[in-house]
Amino acid sequence: MTTRTRFAPSPTGYLHVGGARTALFCWLQARKEHGVYMLRIEDTDLERSTPESVQAILDGMDWLGLDYDEGPIYQTDRFDRYAEVTQQLLDEGKAYHCYCSKERLDAMREEQMAAGIKPRYDGRCRERTEPVPGVEPVVRFRNPLIGQVAWVDRVRGRISISNEELDDLVIARPDGSPTYNFTVVVDDWDMDISLVIRGDDHINNTPRQINIYEALGATPPEFAHVPMILGEDGARLSKRHGAVSVLQYRDMGYLPEALLNYLVRLGWSHGDQEVFSVEEMIELFSIDEVNRKAAAFDFDKLNWLNQHWMKTLPPEQVAAHLPSHFESQGLDPAQGPSLPDLVRVQAERVETLEEMAAQSRPFYEEFADYDAGAAKKHLRPVAEEPLRAIRAALEAVDDWTPEVLDRAVRDTAEALELGMGKIAQPLRVALMGTGMSPSIDLTLWLVGRQRTLVRIDRALEFIAARAAARG
RNA sequence: GUCCCCAUCGUCUAGAGGCCUAGGACCCUAGCCUUUCACGCUAGUAACGGGGGUUCGAAUCCCCCUGGGGACGCCA
């Protein structure tokens, strides 16, 4: 039997990182077993589902590269099918109409809670034969009263619960619209899903669903409940922890390769290996090896992985993500070095693409002022001679490459009998406005000849002006 | 409250009775490298929640406690 998995988000918000990890696990398991991975949009909650959310989910999946073989299938397109199955259950006496008012149900729930017992529907309409005039009923599933429901979860192992803990759940509202626990079963059954991978907040729904499968005469799929992702403080991940939507990670400058690598290691491991390419994940991942413990999100580690992948992936591939970050920084990539060259130099110096764009500003446009501390320390009269010398040397360079530039700086330092620092630091401040930048040869290379000469002149003028001001 | 689930360094994890004086990674600290900042390299700090069992032997198996999470909707 071929493995068939599905990711089934409800479009009531963005694609959450927790959801993204679930999607990743579904995708990996299907890819590894040469099975089918499908996307299903669970939009039965007409009130809260939005087209924007659907788009956000699709965009998120796309950015991560989690391509699906079937779908997206929308549950709202399948209402006829749900109605059909509901009717079948009704006809077979496996479901019944319930006329109880919400008020009665709410009051009952409160009483039960107060009495210290688990709130459950009391089954008042379970044996009712006559309709209540003027009341549109809901349809409830007739859950078995006795016995146990058990399954062997692919990540949790055996889980069992007594039917006495369960009650008759609503499968269709008064307007006929179906509810979650029912649609999932019908869909997974119709779509021949063999392995349901989902968050462990669904563990409690599973026994109810298994009972429905059985009433339908269907064989339940296998289940794998993966632990949730917690915020850095150990509390359930939510908006207040900063980024929850995968698209936010994209906008913050993370590579999809890095997020995927980070996410796959949350709850799963392969010995001591920390770095996984997507190909390796597919080869090595197994849902059966996933942890049972919830994991806290750690930005430090994500940052480390992001830098790792920025340094490791082909510069062209990394560079392809850069334009949107240049845009958010108000920079024009056309006004400076090629993006792949920039990546080659900057990848080891920053943790995100957004940071890379921000720190590359002087390569693409004029900087306003010198960093006060750096200027005070390095743009002094004593730097005048070295700057003039290096300017002359650089002007004569015809092959503007890191190797040649490095040679030029070294030769100049030697000729003046100065240490590298005495010439590189003033030059660095002249070129970048600050005392921090890539090694001087690479800095020169990226700044380019034109800007280099202009900026050295500017620094020389600055030194002269400051000396004059001092009198 | 009731039911279900979980429990190794601050964090992610290795560990499936002796290989554990508990390993790796991130973070942090120190040193090295060095023209700055980074990168890299080396070293270091740091954990089996508690109590009972089982066993010659327990981080690993069982029970209890404690702590955490989840569910209990005409949300998904």
Side-chain angles (χ1 to χ4, degrees), chain A residues 8-12 42-45 47-49 75 98 100 102 105-106 109 112-121 136-140 153 156-157 159-162 164-167 169-175 177-181 183-184 198-207 225 227-228 230 232 234-236 262 265-275 291-305 307 311 346-350 359 374 378 406 409-410 413 418-429 432 434-441 443:
Chain A
S10 65
T12 53
E42 311 225 315
D43 54 355
T44 51
D45 185 346
E47 309 274 297
R48 296 194 292 166
S49 299
Q75 292 192 319
C98 169
C100 295
K102 278 192 176 182
L105 265 17
D106 289 344
R109 194 164 18 245
Q112 291 169 324
M113 288 275 246
I117 58 173
K118 190 173 185 171
R120 283 180 317 221
Y121 177 61
E136 273 308 317
V138 298
V139 177
R140 282 186 189 274
D153 197 276
R156 301 297 170 127
I159 299 177
S160 71
I161 184 171
S162 168
E164 289 165 39
E165 298 294 332
L166 273 22
D167 64 357
L169 81 193
V170 172
I171 60 174
R173 304 183 180 95
D175 66 357
S177 63
T179 61
Y180 167 75
N181 279 110
T183 58
V184 201
R198 71 210 331 183
D200 67 6
D201 46 335
H202 286 292
I203 287 182
N204 294 280
N205 289 325
T206 307
H225 289 95
M228 334 191 314
L230 274 20
E232 292 193 285
R236 188 178 191 151
Y262 179 70
R265 279 287 288 101
L266 228 45
W268 175 78
S269 62
H270 182 73
D272 288 338
Q273 188 171 346
E274 298 287 349
V275 174
N291 271 171
R292 289 176 291 270
K293 200 176 101 184
F297 200 93
D298 180 16
F299 271 94
D300 284 331
K301 194 148 188 175
L302 205 212
N303 286 339
W304 176 76
L305 277 169
Q307 183 182 59
K311 290 192 296 186
Q346 296 284 58
E348 65 178 34
R349 320 177 54 77
V350 296
Q359 294 201 6
H378 299 292
D406 180 61
V409 177
R410 285 181 192 284
L418 287 172
M420 279 291 278
K422 290 274 187 280
I423 177 161
Q425 278 309 94
L427 182 54
R428 188 186 313 281
V429 178
M432 302 294 284
T434 79
M436 292 179 291
S437 85
S439 62
I440 201 67
D441 52 335
T443 298

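All figures in this text were calculated on a predicted structure; none of them were measured in a lab. A note on names: the letters A, B, ... follow the listed sequences, proteins ahead of strands, and every chain is numbered from 1.
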Worksheet item: Nearest-Å distance, CE (A/Met228) to C1' (B/rG68)?
Response: 11 Å

Fill in: Check: A/Arg428 side chain, B/rU35 base, donor-acceptor under 3.5 Å
yes

Worksheet item: Taking atom types as they are modelled, is there a donor-acceptor pair under 3.5 Å from the base of B/rA76 to the side chain of A/Asn205?
Response: yes

Discussion item. Using whole Å, what does the distance between atom P of nucleotide B/rU13 and atom CG of A/Leu305 come to?
Written reply: 13 Å

Discussion item. Let's test this: given Watson-Crick or G-U wobble pairing with both distances under 3.5 Å, identify the partner of B/rC56.
Written reply: B/rG18

Worksheet item: When rounded to the nearest Å, what value does the distance between P atoms of B/rU11 and B/rG57 take?
Response: 33 Å

Discussion item. Categorize A/Thr183 for me: base, sugar-phosphate, or nothing, with a 4.0 angstrom heavy-atom threshold over every strand shown.
Written reply: nothing

Discussion item. Please classify the nucleic acid contact of A/Ser269 as base, sugar-phosphate, or nothing, using heavy-atom distances under 4.0 Å.
Written reply: sugar-phosphate

Worksheet item: Under a 3.5 Å cut-off for both distances, is B/rC32 Watson-Crick or wobble paired, and to whom?
Response: B/rG40

Item to complete: Classify the nucleic acid contact of A/Pro227 as base, sugar-phosphate or nothing, counting any heavy atom under 4.0 Å across all strands shown.
Response: nothing

Practice prompt. Describe the nucleic acid contact of A/Val170 in one word from base, sugar-phosphate, nothing, applying a heavy-atom distance below 4.0 Å.
Written response: sugar-phosphate

Discussion item. Rounded to whole Å, how long is the line connecting atom CD1 of A/Ile440 with atom P of B/rU35?
Written reply: 12 Å

Worksheet entry | Euclidean distance, atom CD1 of residue A/Ile171 to atom C1' of B/rA76 [Å, nearest integer] | 16 Å

Item to complete: Flag the pair A/Arg48 and A/Asp45 as a salt bridge only when some basic side-chain nitrogen lies within less than 4.0 angstrom of an acidic carboxylate oxygen.
Response: yes

Response to the item:
Closest non-hydrogen contact found for A/Gly435 with A/Gln425 is O-NE2, 3.6 Å

Worksheet item: What nucleic acid atoms does A/Arg48 come within less than 4.0 Å of, heavy atoms only: base, sugar-phosphate, or nothing?
Response: base

Discussion item. If I take atom CD1 in residue A/Ile117 and atom P in nucleotide B/rU2, what distance separates them, rounded to the nearest angstrom?
Written reply: 11 Å

Discussion item. Categorize A/His202 for me: base, sugar-phosphate, or nothing, with a 4.0 angstrom heavy-atom threshold over every strand shown.
Written reply: base

Practice prompt. Pick base, sugar-phosphate or nothing for A/Gly267, based on heavy-atom distances below 4.0 Å to the nucleic acid.
Written response: sugar-phosphate

Discussion item. What is the separation between atom CG on A/Asp201 and atom C1' on B/rG73, rounded to the nearest whole Å?
Written reply: 15 Å

Worksheet entry | Spacing of A/Arg120 atom CZ relative to B/rG1 atom C1', expressed in whole Å | 13 Å

Worksheet entry | Below 4.0 Å: OP1/OP2 of B/rG40 and any side-chain N or O of A/Lys311 | yes

Worksheet item: Would you say A/Thr179 reaches B/rG73's phosphate, i.e. side-chain N/O to OP1/OP2 under 4.0 Å?
Response: no

Worksheet item: Counting side-chain heavy atoms from CB outward, which of B/rU35, B/rU36, B/rU13 is closest to A/Asp441?
Response: B/rU35

Worksheet item: Closest to the A/Asn291 side chain: B/rA76, B/rU35, B/rU13?
Response: B/rU13

Practice prompt. Could you check which nucleotide pairs with B/rG1 in any of the strands shown, counting Watson-Crick or G-U wobble with both distances under 3.5 Å?
Written response: B/rC72

Discussion item. Could you identify the nucleotide paired to B/rG67, looking across every strand shown and requiring Watson-Crick or G-U wobble geometry with both distances under 3.5 Å?
Written reply: B/rC6

Worksheet item: Whole Å only: how far is the CG atom of A/Leu166 from the C1' atom of B/rU2?
Response: 13 Å

Worksheet entry | Annotated protein contacts, base or backbone, on nucleotides 44-49 of chain B with a non-hydrogen cut-off under 4.0 Å, one of B, S, - each | ------

Worksheet, complete the sentence: Counting primed atoms, P, OP1 and OP2 as sugar-phosphate and everything else as base, the B/S/- map of nucleotides 23-34 of chain B against protein heavy atoms under 4.0 Å is BBBSS-------

Discussion item. Check this for me, if you would: do A/Asp406 and A/Arg410 make a salt bridge, where the nitrogen-to-carboxylate-oxygen distance has to be below 4.0 angstrom?
Written reply: yes

Check the interface with nucleotides 3-5 of chain B: list each N/O to N/O pair with the protein under 3.5 Å, or write none.
{"residue": "B/rC3", "atom": "O4'", "partner": "A/Glu165", "partner atom": "OE1", "Å": "3.4"}
{"residue": "B/rC5", "atom": "O2'", "partner": "A/Arg156", "partner atom": "NH1", "Å": "2.1"}

